[in-house]
Amino acid sequence: MQTIHESFIASVEAEPGKVLFERPGLSDITYAQARDLTERFAAVLTEIGVRPGDRVAVQTEKSAEAICLYLAVLQVGGVYLPLNTAYTGAEIDYFLGDAAPRLFVCTPATLAAHKARESDGLRVESLGADADGSLMARALAASPRRDRVARAMSDHAAILYTSGTTGRSKGAVLTHGNLASNVAALLESWHYTGQDRLIHALPIFHTHGLFVAANMSIVSGATMIWLTKFDADEAIGLMADATVLMGVPTFYTRLLKSEGLTRAATGKMRLFVSGSAPLLAEDHRAFEDRTGHAILERYGMTETCMITTNPYDGARKPGAVGMPLPGIAIRVTDRETGASLPQGEIGAIEVKGPNVFEGYWQMPEKTASEFRKDGFFITGDLGQIGDDGYLRIVGRD
């Protein structure tokens, strides 16, 4: 198995002239061009002093350049830490204090304010959505770094902070093996290949947009039709030249409000994926009635990437999130005793597999409390496995 960066290089070398980022209204970016910028960023990261294992925190607008920065962090052996663009200054202070990154990358508009956070151990640079910012300027002047730091599958690749709805936000540490294994399982399950053209309208500071949509495309050598925001009518117009849409339930609610959503408009599409929140059964049925496509719902979380999926070939059932991805095991248990419950009973959803994170950053006691002795992670979700073998989520523990 290859790391995400190694797979990216393999995709570049297979078809360097192929478009990776197709950007409506802007110039396209090929795999070779993305590699060049990635390696320029890698040179700048090295110059700044980012060493293997160092964290790089990033709070920027969605851009192709931000994806190249992510790949550059992996190339130099760093640990990528994406931050929600809505986080406030106080929240940023917490994340920077907790993760102790070597570099914090913000937007050009916020650079002056964030410069006050700079110290001997922390550099602050900027990257803009218009290929601007101090980091971009340095990258354009740099000579590409072609070599990459070898990483084991057990080495840290990223830290994603949880929402913190039950106490302070926790940093979920994901390894190269977590990311690579989950992509491999998704590519197999969703029949995703280099022939696909993905409408990418998701944010890239969480699992769905970055570690599912972007990673799958980069690894398989696919093309992403790169949108900075979701507009239903624009998305429908793009479907004539696309094959896959990965979205959240609100995407589908908006699509259903458009008169343009028809069988003819979606005729070239092969897959619609929904996740991150439950999709209403009536929206599921209405979408299939309008388009002939059954939306594929899946289940994942920050700590595990994707866990289950409705089948690509087979019944996609409203209200169900399907069955485990290849190599992953799930069970429903009594929260207190950990005893497995019979099919149909509601209990705690637990998961085990190569997708499951290493633990919470600098929180060994919290990590230990969330894992069973046999290695199963307690997700905090409540669910049941029906007689059909499909998992259904019914709430939070």
Side-chain angles (χ1 to χ4, degrees), residues 1-23 26-43 45 62-78 80 82 139 144-153 155 157-158 174-202 204 207-227 241-246 270-271 273 305-306 326 354-355:
M1 189 162 55
Q2 293 182 312
T3 66
I4 298 300
H5 183 267
E6 287 169 342
S7 294
F8 167 59
I9 296 302
S11 293
V12 174
E13 292 177 345
E15 286 193 85
K18 185 172 184 176
V19 173
L20 172 54
F21 300 98
E22 184 174 302
R23 305 185 298 174
L26 297 171
S27 59
D28 296 339
I29 297 176
T30 66
Y31 272 86
Q33 289 169 328
R35 177 182 186 172
D36 179 73
L37 181 55
T38 295
E39 292 176 343
R40 290 175 185 273
F41 277 138
L45 294 175
K62 180 179 180 180
S63 68
E65 291 78 15
I67 295 293
C68 292
L69 175 58
Y70 155 64
L71 291 168
V73 173
L74 299 185
Q75 179 181 340
V76 302
Y80 191 71
R145 175 178 172 172
R146 301 304 298 267
D147 68 306
R148 59 182 180 271
V149 175
R151 295 278 85 184
M153 287 298 163
D155 286 329
L174 297 163
T175 66
H176 288 275
N178 293 151
L179 301 184
S181 68
N182 208 231
V183 166
L186 290 168
L187 294 179
E188 176 185 341
S189 298
W190 295 348
H191 298 199
Y192 198 88
T193 72
Q195 300 305 306
D196 277 306
R197 292 173 52 79
L198 170 71
I199 298 175
H200 193 305
L202 294 162
I204 55 171
T207 298
H208 196 176
L210 184 58
F211 297 149
V212 178
N215 275 359
M216 287 178 68
S217 300
I218 289 164
V219 169
S220 65
T223 293
M224 291 185 280
I225 303 172
W226 196 250
L227 306 179
D241 197 30
T243 62
V244 179
L245 172 68
M246 296 183 193
R270 70 170 188 84
L271 181 61
V273 176
C305 297
M306 296 303 102
N355 59 309

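Residues: numbered from 1 along the sequence shown.
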Would you please test Val273 and Val212 for side-chain contact (heavy atoms from CB on, under 4.5 Å) and show each step? CA-CA 11 Å; Val273 176; Val212 178; over 6 Å; no
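- The closest side-chain heavy-atom distance from Ser220 to Ser11 is not below 4.5 Å.
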Quick one: side chains of residues 12-19, donor-acceptor pairs under 3.5 Å with protein atoms, not counting sequence neighbours, listed by atom name and distance.
unit_1, atom_1, unit_2, atom_2, d
Lys18, NZ, Gly194, O, 2.3
Lys18, NZ, Gly221, O, 2.8

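- Among Ile225, Leu198, Ile199, the one residue that satisfies the side-chain contact (heavy atoms from CB on, under 4.5 Å) test with Val244 is Leu198.
- Of all heavy-atom pairs spanning Pro354 and Ser181, the tightest one is O-OG, 3.3 Å.
- Atom CG of Leu227 and atom CZ of Arg23 lie 12.0 Å apart (nearest 0.5 Å).
- You'll find the side chain of Arg146 reaches within 4.5 Å of the side chain of Arg35, heavy atoms only.
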Output, in order, the C-alpha distance, side-chain angles, deciding distance and verdict of side-chain contact (heavy atoms from CB on, under 4.5 Å) for Leu20 and Ile29. CA-CA 6 Å; Leu20 172 54; Ile29 297 176; 5.6 Å; no
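- Not a single donor-acceptor pair under 3.5 Å links the side chain of His200 to the backbone N or O of Ala213.
- Considering only heavy atoms from C-beta on, Leu174 comes within 4.5 Å of Leu179 through its side chain.
- Checked by atom type and distance alone, the side chain of Arg197 never pairs as donor or acceptor with a backbone atom of Ala222 at under 3.5 Å.
- Side-chain polar atoms of Asp36 and Tyr31 form no donor-acceptor pair below 3.5 angstrom.
- Distance check, rounded to the nearest 0.5 Å: OG1 of Thr223 to CD of Gln195 gives 9.0 Å.
- Across every non-hydrogen atom of Ala66 and Ile204, the tightest pair is CB-CD1, 3.8 Å.
- Of all non-hydrogen atoms in Ala10 and Gln2, the two that sit nearest each other are CB-OE1, 4.2 Å.
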Go through the steps for Phe211 and Asn355 under the test side-chain contact (heavy atoms from CB on, under 4.5 Å), then give the verdict. CA-CA 11 Å; Phe211 297 149; Asn355 59 309; over 6 Å; no
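- With hydrogens and angles left out, the side-chain atoms of Ser217 and Tyr192 include a donor and acceptor closer than 3.5 Å.
- Rounding to the nearest 0.5 Å gives a distance of 10.0 Å between CD of Gln75 and OG1 of Thr3.
- At a threshold of 4.5 Å between non-hydrogen side-chain atoms, the residues His5 and Arg148 count as touching.
- Two residues are said to be in side-chain contact when any heavy atoms from C-beta on lie closer than 4.5 Å; Thr38 and Leu69 fail this criterion.
- Contact annotation: the side chain of Asn178 never approaches that of Asn182 to less than 4.5 Å [non-hydrogen atoms, C-beta and beyond].
- In this structure the side chain of Phe8 never reaches within 4.5 angstrom of the side chain of Val219, judged on heavy atoms.
- The SG atom of Cys68 sits 10.5 Å away from the CD atom of Glu39 when rounded to the nearest 0.5 Å.
- To the nearest 0.5 angstrom, Ile4 atom CD1 is 9.5 Å from Leu210 atom CG.
- Residue Val76 comes nearest to Arg145 through the heavy atom pair CG1-NH1, 3.8 Å, listed as atom of the first residue, atom of the second, then distance.
- Here the side chain of Arg270 pairs a donor or acceptor atom with the backbone of His191 at under 3.5 angstrom.
- Taking the six-membered ring where tryptophan is involved, the planes of Phe21 and Trp226 are perpendicular, since the angle between them exceeds 60° and thus also 30°.
- Met306 is not listed as a side-chain neighbour of His208, based on a closest heavy-atom distance of 4.5 Å or more.
- Rounding to the nearest 0.5 Å gives a distance of 12.5 Å between CD of Glu22 and OG1 of Thr30.
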Test side-chain contact (heavy atoms from CB on, under 4.5 Å) on Met246 and Met216 and set out the steps. CA-CA 11 Å; Met246 296 183 193; Met216 287 178 68; 3.9 Å; yes
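- A donor-acceptor contact closer than 3.5 angstrom links the side chains of Thr243 and Asp196.
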